Amino acid sequence: MSLPSSLSSLAERRHQELTHLNHIQAWPESLQQSLLIALGCSDFLHEAFQQDEYLCQYFPSMFDESDRSEDYRSRLQDNLSKCSDENGLMRELRYFRRREMAYIAWRDFTHEYFPRCDWSLEVSLSHLSLLAEALIVESYQWLYKQACIDWGTPKNAQGEEQPMLIIGMGKLGGGELNFSSDIDLIFTYPENGETEGARRSIANAQFFTRLGQKIIKALDQTTFDGFCYRVDLRLRPFGESGPLVMSYAALEDYYQEQGRDWERYAMIKARVMGKETYSHYQELRQMLRPFVFRRYIDFGAIQALRRMKSMITTEVRRRGLNDNIKLGSGGIREVEFIAQVFQLIRGGREPSLRGRGLLETLDAIKELGQLTAQEVDDLTTGYRFLRRLENLLQAIGDKQTQTLPMDERDQSRLAFAMGMADWNELYDAIQTQMNTIHAVFENLIGDDEEESENSIDKSYVELWDMAHNPEVLENILQELNAEQAEQLTRHIIEFKGDLKKKTLGPRGREAITHLMPKLFSIVISREDASDTLPRLTKLIQAIATRTTYLELLDEHSGALQHLVRLCAASPMVAEQLTRYPILLDELLDINQLYNPIELSQYKIELHEFLARIPEDDMEQQMEALRQFKQVCLLRIAASDIAGGLSLMKVSDHLTYLSEAIVESVVNQAWLQVTEKFGEPTHLEGRDSKGFAVIGYGKVGGWELGYNSDLDIVFMHDCDTNTYTNGKKEIDGRQFYLRLAQRIIHIFSVRTSSGILYEVDTRLRPSGASGLLVSTSEAFDEYQREDAWTWEHQALVRARMIYGDSALQSAFNTTRHDILCLARNEKKLQQDVAEMREKMRGHLGGKKAGRFMLKQDAGGITDIEFLAQYLVLNHSHQASKLTRWSDNVRIFESFAEQNVMSEELSQSLIHAYCVMRNEIHHRNLLGFDADVADTSFDEERRAVVTAWNHWFS
């Protein structure tokens, strides 16, 4: 615990100088011991005790409080209440700062040797930040009251008083202020207007400009007692040439129209000083959030941060700032850049990355798996080490510096305060920490160097450069052995010409120039280049003015490779990516891209996805539902294209996804409707909604395709004498009608991400003319007394996809009983055959020489109708035939129940699967569901033979 000899003599001499102060002689023994450390390590502390006799007297009592920062504002407010003029204000502010900074410096220098003190780096930085906030806010409060007396109170057009909001930027905003830091501020106010209550009114802008000038003077001006903080307002809009104070509207206009990359970084940490302006600040923060946190993944941040880092490095070299622990290689700024990369790239979609503090951001990066746990731990350890060192370095003389000292005494001070044996040990530790940080920085962000021309064949660069000269372009393509060089030439020239018509900024043009040769190098050598390239250029046309997406593809060669692979395999996927570029983010994580969510996890994953958004933000909830569906569809299609999923598994994934979405839509609609009307009273004591969704057709049969609609019917169990218990009481059945209407709206409304699903409810009792939602009893009665044969056919492929156990039981009973009814075989044959002929006449045989896989004779619909007919005809004798609603298992049950032979059952299952598989892959390729008339000849004969056997 004893000081090195070089510091001990200095400490003893200073201690002797202060012994004439009786107050210090009266300090307790514990403080007397640490006083020598403080005096030996810090010139600032020595000067503070020399200048301030009150501090010497008051100092021991400062240790009585566990957290002094809690009372900064109230104590300062009491002190300032005694001030009668601005000179008195400035004097009290400086006294207060000196005394509290002395306490903080003392803690910083002595806590290594008095470990019982709870004084971590975070506690120190928090005290420094809250002290600055207290000085800023309380000086504002005092000056605002005085300004209202002198110039009147600023009001808006409605007569509401207008405050000035002081936005703390940088480390002040993040609650991580340095010991001797400048404070970066921006002044703003909500609305324009004029002052009231003075002899002559002035504009709010003039009032707040004068007030801002007085605040700067109160904090920044050097007096006999020193100064509080150097105030820097260069981060405000237009910098030093801009107005000192701006209204919200002016701020919004500026950031929307002229905001630059570095201003986005600065705004991440922006925080309004003082809790009393919180409600006003929420409005401001919501206004600025789209500027700071882009809704899409923003990979332009990497390149922009590279440029900033390059400029800083150049400045460090120019100014000879060697051994700078902030700006040097592996310094504090590199940790900040790493955190900002993830905040700017993903903060729009990951709320956990929107925090202002650096350490909390690193925790979020670790939690999200954006860096390895080891990398985050290394960054955290290095950052803590350097920030503590920086604070001690500045607390030596209360000077703003981040450069390691050349002076041996200061080196000895730092080594001792950091718990090191000597300067060499400390210096080695500093280099180790900075090298570790720089390794992570290099791996993630790299240097701002142009990509080597050798990394890509110059021919592809020339291909883009010469995309205005058909002859040269075609020659280059032929040299590259490109298929259909003439067609590719025309397309590339046309694409570049169309691109010139778009308004691309410098970043966009640069990204295109880098990206296109890379794209050509992947696509041109493909046999299907003439088909694939137009799909890709259509996508690039769509994202050309959204530079972030171009930079994403330019930055990540892997993402570009996967994009080409998917677009080549499926025009459907290419179209989806073109319409919703936000999906490009999915190309970055191969493990997720080619591995869809587990079937049992869709509901859990969707719940977690939506949990990031407030429940009452219905617009964003609907948008998130659509984004979740699109992401899942892309992953399913990618795995399908890669051969990782069979046809049946694809349908399973699409069906389970739809069920998760149906449940979420019902829950969202329920929240909206119950908020207005309350819940039906028959649900009291029940943990359910008394509501069900029945899926028919493809969703009922677990056979959804990529573009399938949802055929659904709604049911409830509310009786006629039930009302809701909300502020606005309505009939219970009217409530369920409103609920069903809301569900359809959520599915069908078109947002920026399209619609959720096309929904068809015409299979409900009485069809389009019937009630949108019916009771289970009414559904049962309709099926028994009024339903047509084709409606009973539809029931074969129906199941409940959402609902409670009581309604599940009621529906299953109705379905089972209806399917098991004894029917007149001839009448059933006639009804089914007539419906089939009607459909075939309406939908089949539309293309000469082509076989329509679904509707022509021997196609899929014949197989489906055959399954439905046999279930309806035989279930009264073999009730197990009603168990399944999908065609494959229905045909398997026919063999088990001796309705047909095992051989015929397998033959029809085979025909059904291969034709479905063909439709499926033709959908992926964007083709219609028809093939050459000679295709599937054997399968079609088997189906026609079976059809004729039962319907001759």
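Note that these values count all heavy atoms, side chains included, but never hydrogens, waters or copies made by symmetry. Everything quoted here is computed from the prediction, not taken from an experiment.
- Formation of a donor-acceptor pair under 3.5 Å by the Ser81 side chain with backbone atoms of Asp78 is found in this model.
- Donor-acceptor pairing under 3.5 Å is recorded for the side chains of Thr372 and Glu375.
- Residue Asp410 holds its CG atom at 4.5 Å from CD1 of Ile396, rounded to the nearest 0.5 Å.
- By the side-chain hydrogen bond (donor to acceptor under 3.5 Å, both in side chains) test, Arg91 is found to be paired with no residue, residues two or more places apart in sequence or in another chain being considered.
- Note on residues 210-221: pairs passing salt bridge (Lys or Arg N to Asp or Glu O under 4.0 Å), not counting sequence neighbours, are Glu86-Lys214.
- Every residue meeting the side-chain contact (heavy atoms from CB on, under 4.5 Å) condition with Ala38, not counting sequence neighbours, appears here in chain and number order: Leu45, Trp106.
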Val440 vs Val376, side chain to side chain contact (heavy atoms under 4.5 Å, CB included): CA-CA, chis, key distance, verdict: CA-CA 9 Å; Val440 180; Val376 175; over 6 Å; no

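- Sorted by first and then second residue, the side chain to side chain donor-acceptor pair (under 3.5 Å) pairs involving residues 121-132 (not counting sequence neighbours) are Asp67-His127, Asp108-Ser124, Glu122-Arg384, Ser124-Asn391.
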Please output the side-chain donor-acceptor pairs of residues 238-245 that fall under 3.5 Å, not counting sequence neighbours, one pair per line with the distance.
residue	atom	partner	partner atom	Å
Ser241	OG	Phe238	O	2.8

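- Remark: side-chain polar atoms of Asp71 are not paired, donor with acceptor, to backbone N or O of Ser74 under 3.5 angstrom.
- A donor atom on one side chain and an acceptor atom on the other are found under 3.5 Å apart for Gln374 and Asp378.
- Between Ile268 and Thr361, every side-chain heavy-atom pair lies at or beyond the 4.5 Å cut-off.
- Every side-chain contact (heavy atoms from CB on, under 4.5 Å) that Ala429 has, sequence neighbours left out, goes to Phe385, Met420.
- Remark: Glu367 CD is loosely packed, at most 12 non-hydrogen atoms of other residues, nucleotides or ligands lying under 6.0 Å away.
- Of the possible donor and acceptor atoms, none in the side chain of Arg356 sits under 3.5 Å from a partner among the backbone N and O of Gly174.
- Put simply, the side chain of His46 reaches to within 4.5 Å of the side chain of Glu17, judged on heavy atoms.
- Residues Gln402 and Gln394 have side chains in contact (heavy-atom distance under 4.5 Å, counting atoms from C-beta outward).
- Residues Thr188 and Met164 fail the side-chain proximity criterion, which asks for heavy atoms closer than 4.5 Å.
- With 3.5 Å as the limit, one finds a donor-acceptor pair spanning the side chains of Asp323 and Tyr427.
- Annotation: side-chain hydrogen bond (donor to acceptor under 3.5 Å, both in side chains) contacts of Arg99 (sequence neighbours excluded): Asp52.
- No hydrogens or angles considered: nothing links the side chains of Gln400 and Asn178 as a donor-acceptor pair under 3.5 Å.
- Between Phe416 and Phe109, the distance separating the two ring centers is not shorter than 6.0 angstrom.
- Atom CG of residue Leu414 and atom CG of residue Leu392 lie 6.5 Å apart, to the nearest 0.5 angstrom.
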Residues Asp43, Arg14; criterion salt bridge (Lys or Arg N to Asp or Glu O under 4.0 Å); working and verdict: CA-CA 10 Å; Asp43 300 336; Arg14 288 179 169 178; 2.7 Å; yes

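- Within the structure, salt bridge (Lys or Arg N to Asp or Glu O under 4.0 Å) contacts touching residues 422-438 (residues at least two apart or in different chains) do not occur.
- With hydrogens and angles disregarded, a donor-acceptor distance shorter than 3.5 Å links the side chain of Arg97 to the backbone of Cys228.
- Checked by atom type and distance alone, the side chain of Glu133 pairs as donor or acceptor with a backbone atom of Gly274 at under 3.5 Å.
- Side chain of Arg98 to backbone of Tyr95: no donor-acceptor contact under 3.5 angstrom is found.
- Ion pairing between a basic and an acidic side chain is recognised when a charged N comes within 4.0 Å of a carboxylate O; Glu100 and Arg75 show such pairing.
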From CA spacing to verdict: side chain to side chain contact (heavy atoms under 4.5 Å, CB included), Asp232, Ile183: CA-CA 6 Å; Asp232 192 338; Ile183 54 173; over 6 Å; no

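- Partner Lys269 forms a salt bridge (Lys or Arg N to Asp or Glu O under 4.0 Å) with one of Glu336, Glu176, Glu263 and no other, that one being Glu176.
- Across every non-hydrogen atom of Trp27 and Cys56, the tightest pair is NE1-O, 2.9 Å.
- Here the shortest heavy-atom pairing between Ala364 and Ser352 reads CB-O, 3.3 Å.
- Aromatic ring centres of Trp119 and Phe63 lie farther apart than the 6.0 Å criterion allows.
- Legend: residues meeting side-chain hydrogen bond (donor to acceptor under 3.5 Å, both in side chains) with Tyr54, ordered by chain and number and at least two apart, are absent.
- Rounded to the nearest 0.5 angstrom, Arg413 CZ and Gln411 CD are separated by 12.0 Å.
- You'll find the side chain of Glu53 reaches within 4.5 Å of the side chain of His23, heavy atoms only.
- Residues Tyr72 and Arg68 have side chains that never bring a donor and an acceptor to within less than 3.5 angstrom of each other.
- Looking at Glu138 and Arg73, their side chains come closer than 4.5 Å, going by heavy atoms from C-beta outward.
- Taking CD of Gln57 as the start and CD1 of Ile24 as the end, the distance is 11.5 Å to the nearest 0.5 Å.
- Applying the salt bridge (Lys or Arg N to Asp or Glu O under 4.0 Å) test to every pair with at least one member in residues 221-231, sequence neighbours left out, gives these pairs: Asp182-Arg230.
- For the pair Ile167 and Leu185, the minimum side-chain heavy-atom distance is 4.5 Å or more.
- Ser180 and Asp398 make their closest contact through OG-OD1, 2.7 Å (heavy atoms, listed as atom of the first residue, atom of the second, distance).
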Audit row: Arg234, Asp184, salt bridge (Lys or Arg N to Asp or Glu O under 4.0 Å) steps and yes/no: CA-CA 8 Å; Arg234 290 175 295 177; Asp184 295 294; 6.0 Å; no

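- Annotation: ring pair (Phe, Tyr, Trp, His ring centres under 6.0 Å) contacts involving residues 208-227, sequence neighbours excluded, comprise Tyr189-Phe208.
- A distance-only check finds no donor-acceptor pair linking the side chain of Ser8 to the backbone of Pro4 [under 3.5 Å].
- Evaluation of the side-chain hydrogen bond (donor to acceptor under 3.5 Å, both in side chains) rule for Arg409 yields no partner, not counting sequence neighbours.
- Counting only distance, with no hydrogens or angles, the side chain of Arg271 and the backbone of Leu172 share a donor-acceptor pair below 3.5 Å.
- Residues Ser69 and Leu131 are not in side-chain contact: their nearest non-hydrogen atoms beyond the backbone lie 4.5 Å or more apart.
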Trace of the side chain to side chain contact (heavy atoms under 4.5 Å, CB included) decision for Gln77 with Leu80: CA-CA 5 Å; Gln77 194 176 72; Leu80 297 185; 6.0 Å; no

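- Expressed to the nearest 0.5 Å, how far CE of Met90 lies from CG of Asn87 amounts to 6.5 Å.
- Separation of atoms CZ (Arg388) and OG (Ser120) is listed at 10.5 Å; rounding is to 0.5 Å.
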